[in-house]
Amino acid sequence: MKETQMLCGKLAKNQFLIFLFSMISCVGFTQGIPCDELKYGVYEIYENNEKVGVIYRKDNLQLEDYLDGKELSPTKIREKDCYFYINSFEIKEAIDTVTMVVEYKKIKKNYYTFLATPKYLDIDYEYKGEIKKVGSDIEPDILEIFESLEKVVNKNPKFK
């Protein structure tokens, strides 16, 4: 009888642990960011709750259009384990050689905070902000720019 009670106690404890592990796994999964949400579309970028520009993403390329009037700035993106590694497509200044690692946290549907830090430099710098996905349809004129950039990437192995 005592052995039966001990066996039932162990089974109940194991079932509870399995249940607890399952719940923790489910909660962790639902709070994670499906990285695909961040790979394609149109995003507004904010600093200190003020819109500073728009980002267009298509696969491994990104176009940045800031409200300060500068021309569109193309960048290359690599994603690994939901970290985005961003490099300038064209090197015009020394800063353009820096690889930035961007980590996103989902706040609510289509709204994320981000923290960008330099990958290979030992400096105390970070760039914080928010992005809001405002659409999945990219304007035809922006798609044409992406197509021309993709041709450059496909012809030049250093961009891959």
Side-chain angles (χ1 to χ4, degrees), residues 21-160:
F21 178 77
S22 298
M23 291 305 293
I24 290 170
S25 297
C26 290
V27 169
F29 179 77
T30 58
Q31 289 179 351
I33 298 175
C35 298
D36 290 341
E37 291 178 10
L38 297 167
K39 290 182 180 179
Y40 189 96
V42 182
Y43 306 82
E44 292 176 343
I45 186 168
Y46 295 86
E47 293 175 10
N48 301 318
N49 295 321
E50 279 191 46
K51 181 179 171 183
V52 296
V54 177
I55 295 174
Y56 304 93
R57 285 192 175 160
K58 184 175 184 270
D59 304 321
N60 63 341
L61 295 171
Q62 171 174 293
L63 290 169
E64 301 169 359
D65 188 9
Y66 291 98
L67 300 179
D68 61 9
K70 292 182 181 176
E71 63 185 44
L72 283 173
S73 175
T75 57
K76 299 174 290 185
I77 300 175
R78 287 179 294 116
E79 180 268 324
K80 183 177 181 189
D81 300 328
C82 238
Y83 286 91
F84 288 74
Y85 298 80
I86 299 178
N87 295 89
S88 290
F89 194 83
E90 302 169 319
I91 297 175
K92 296 178 182 175
E93 301 175 30
I95 190 72
D96 295 335
T97 63
V98 175
T99 299
M100 298 298 287
V101 180
V102 185
E103 178 183 6
Y104 292 94
K105 292 188 179 172
K106 189 170 189 171
I107 302 302
K108 57 186 175 182
K109 184 177 180 172
N110 294 327
Y111 195 80
Y112 309 85
T113 61
F114 67 83
L115 173 65
T117 54
K119 173 69 177 161
Y120 302 107
L121 295 178
D122 188 20
I123 60 173
D124 188 27
Y125 173 80
E126 60 184 27
Y127 175 57
K128 294 180 181 181
E130 300 88 32
I131 64 169
K132 176 182 176 186
K133 186 169 187 174
V134 293
S136 294
D137 295 327
I138 299 174
E139 302 164 17
D141 56 328
I142 300 295
L143 283 174
E144 286 180 26
I145 296 170
F146 275 123
E147 288 173 11
S148 64
L149 290 171
E150 288 167 347
K151 288 178 185 175
V152 171
V153 168
N154 290 334
K155 286 182 183 177
N156 194 336
K158 77 174 184 174
F159 287 122
K160 291 185 180 185

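Keep in mind that the numbers below use all heavy atoms, side chains included, and drop hydrogens, waters and symmetry copies.
A salt bridge links Glu79 to Lys39: one of the charged nitrogens lies within less than 4.0 Å of a carboxylate oxygen.
Distance check, rounded to the nearest 0.5 Å: CE of Met100 to CG of Asn87 gives 10.5 Å. In this structure, the separation between CG on Leu72 and CG on Leu63 is 5.5 Å, given to the nearest 0.5 Å. The OG atom of Ser88 sits 10.0 Å away from atom CD of Gln62, with the distance rounded to the nearest 0.5 Å. Of the inter-residue distances, the one linking Ile55 atom CD1 with Asp65 atom CG reads 10.0 Å to the nearest 0.5 angstrom. Remark: Tyr56 OH to Ile145 CD1 distance equals 9.0 Å, nearest 0.5 Å. Taking CD of Glu37 as the reference point, atom CZ of Arg57 lies at 12.0 Å (rounded to 0.5 Å).
More than 12 heavy atoms of other shown residues, nucleotides or ligands fall within 6.0 angstrom of atom CG in Asp68.
Note on residues 60-87: pairs passing ring pair (Phe, Tyr, Trp, His ring centres under 6.0 Å), not counting sequence neighbours, are Phe84-Tyr104. Under the salt bridge (charged side-chain N to carboxylate O under 4.0 Å, His left out) criterion, no residue pair touches residues 134-146, with sequence neighbours excluded.
Scanning both residues, Tyr111 and Lys132, for their nearest heavy atoms gives CD1-CB, 3.7 Å. Of all heavy-atom pairs spanning Leu67 and Gly53, the tightest one is CG-N, 3.9 Å. When all heavy atoms are compared, the tightest approach of Ile138 to Phe146 is CD1-CE1, 4.1 Å.
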Atom pairs and distances, donor-acceptor, side-chain atoms in residues 123-130, under 3.5 Å, two or more places apart:
unit_1	atom_1	unit_2	atom_2	d
Glu126	OE2	Lys128	NZ	3.4
Tyr127	OH	Glu47	OE2	2.3

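The side chain to side chain donor-acceptor pair (under 3.5 Å) check on Lys58 picks up Glu150, with sequence neighbours excluded. Partners of Glu103 by side chain to side chain donor-acceptor pair (under 3.5 Å), not counting sequence neighbours: none found. Every side chain to side chain contact (heavy atoms under 4.5 Å, CB included) that Ser73 has, sequence neighbours left out, goes to Glu64. Looking at residues two or more places apart in sequence or on another chain, you find a side chain to side chain donor-acceptor pair (under 3.5 Å) between Tyr46 and Glu44.
Within the 4.5 Å cutoff, side-chain heavy atoms of Leu38 are placed close to those of Ile131. Considering only heavy atoms from C-beta on, Val102 stays 4.5 Å or farther from Ile77 through its side chain.
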